Amino acid sequence: MKQQIENLQKKAKEEILSSTTLEKLDEARVKYLGKKGELTLVLRKMGELSPEERPIIGSLVNKVRDELENLISNRLEELRKEELNNKLEKEKIDITLPGIKLKRGSKHPVNRIIEELEDLFVSMGYDVVSGPELETDEYCFERLNLPKGHPARDMQDSFYITTEYLLRTQTSAVQARVMMENEEKTPIRVICPGKTYRRDDDATHSHQFGQIEGLLIDKNISLADLKGTLEVFVKKMLGQNSKLRFRPSYFPFTEPSYEVDVSCFKCGGKGCNLCKQTGWIEILGSGMVHPNVLKMNGYDPEIYSGFAFGTGLDRLAMFKYGITDIRLLYTNDVRFLNQFDRKDEENEIKY
Ligand code: DAH
């Protein structure tokens with residue numbers, strides 16, 4: 001029996017010392033020292049021994065067991081260290097390598113324009129309001145001094161949904177809404193950026209586009225107020241050196257009405273391909289709120305006066321960022337949008 005134990009001891013030692021993984025080491029532990037392990041089975045057979053042999057063999061088995069347990073825990077320690085070293089080696093981080101660039105989203109150029117205008121007008125005491133895109137004929141036209149059959153309706157090819165409902169052709173519809181909703185008929189100062197729809201669709205027009213509307217109503221408002229406000233607006237958007245030119249025009253909801261041109265920001269007014277050699281670029285429509293519009297929406301034109309203006313956001317974005325094709329604003333091409341992944345100032349085109 002002694003011989004058998006010594007053989008076992010030798011075999012177990014070899015197996016323990018040669019185990020190269022934690023799994024193998026554990027297999028060896030179970031094989032020799034586990035409940036049904038070979039050394040455990042020897043212990044169970046102690047009963048068959050003579051009383052003289054029992055203590056001798058007993059102490060031998062205990063010695064061997066202690067020795068194997070020690071060997072196992074040492075080997076375990078070694079293997080754990082090895083494993084850790086391997087892991088450290090494999091997962092070594094070279095902190096001098098450049099990091100991985102995280103892709104950030106970028107604001108759409110039209111949204112940038114909207115945010116900039118909102119900041120500007122809020123700083124002048126305006127509220128930002130919105131209205132429905134599915135609008136009624138009443139608010140889109142009638143309450144703006146454009147009765148049914150009025151020839152000026154032809155200027156805006158509309159998407160009618162029913163005879164009464166249409167997709168709004170202009171954010172001017174919100175003017176009437178704000179006036180009607182203000183039951184106390186107190187002064188108004190609002191801007192309204194939003195989507196508008198018309199039935200044209202070519203390289204320079206889209207069936208859906210963005211507009212921003214401005215409306216101010218108070219006592220003693222004059223054309224000088226309109227001019228001053230638009231000057232701040234245009235200079236902020238297109239550069240402090242911009243000059244403005246007011247050209248008489250016609251809009252049913254304003255009287256007098258003006259189209260406003262800005263000195264070409266590319267050539268400074270000398271004439272170039274952007275301004276078609278005129279030195280000027282048309283930028284917005286404006287005027288003093290027509291007395292009929294005030295009256296129809298509950299404001300007494302004898303007491304109140306006001307001004308309004310409206311312009312295309314896409315055009316502004318195109319000018320500001322030097323974009324030549326309007327469709328780029330709507331096709332969601334990330335290569336285009338990623339160019340706006342930097343600070344505003346860097347994007348602004350230096351003419
Ligand atoms: N609504 C006009 C358009 O879409 C633009 C406009 C002109 C708005 C004059 C105004 C205004 O508020 O006073 O063509």
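Ligands are counted one by one from 1 in listed order, and the atoms in each one are counted from 1 as well. Given the structure is predicted, the values throughout are model-derived calculations rather than measurements.
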Please list every donor-acceptor pair under 3.5 Å in which a side-chain atom of residues 30-38 meets a protein atom from a residue at least two apart or in another chain.
residue	atom	partner	partner atom	Å
K31	NZ	E15	OE1	3.3
K31	NZ	E15	OE2	3.0
Y32	OH	E15	OE2	2.8

Please report, to 0.1 Å, the donor-acceptor pairs under 3.5 Å made by any side chain of residues 220-235, with sequence neighbours excluded.
residue	atom	partner	partner atom	Å
S222	OG	A224	N	3.2
D225	OD2	S222	N	2.8
T229	OG1	D225	O	2.7

N/O pairs closer than 3.5 Å, ligand 1 and protein:
residue	atom	partner	partner atom	Å
ligand 1	1 (N)	Q170	OE1	2.8
ligand 1	1 (N)	S172	OG	2.9
ligand 1	4 (O)	R198	NH2	2.8
ligand 1	4 (O)	Q211	NE2	2.9
ligand 1	12 (O)	Q175	NE2	3.1
ligand 1	12 (O)	E213	OE2	2.6
ligand 1	12 (O)	F309	N	3.3
ligand 1	12 (O)	F309	O	3.3
ligand 1	13 (O)	A308	O	3.2

Exercise. Are Q211 and Q170 linked by a side-chain donor-acceptor pair shorter than 3.5 Å?
Worked result: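 Checked: Q211/Q170 side chains show no N/O donor-acceptor pair below 3.5 Å.
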
For this session: Please confirm whether Y304 and Y299 have ring centers closer than 6.0 angstrom.
Result: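 Ring centres of Y299 and Y304 closer than 6.0 Å.
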
For this session: Kindly assign one of parallel, tilted or perpendicular to the pair Y258 and F246, based on the angle between their ring planes and the thresholds 30° and 60°.
Result: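 The rings of Y258 and F246 stand perpendicular, inter-plane angle above 60°.
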
Exercise. Hydrophobic clusters join Ile, Leu, Val, Met, Phe, Trp and Tyr when side-chain heavy atoms are under 4.5 Å apart, directly or via other members; which others share one with W280?
Worked result: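 Direct or chained contacts put W280 with none.
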
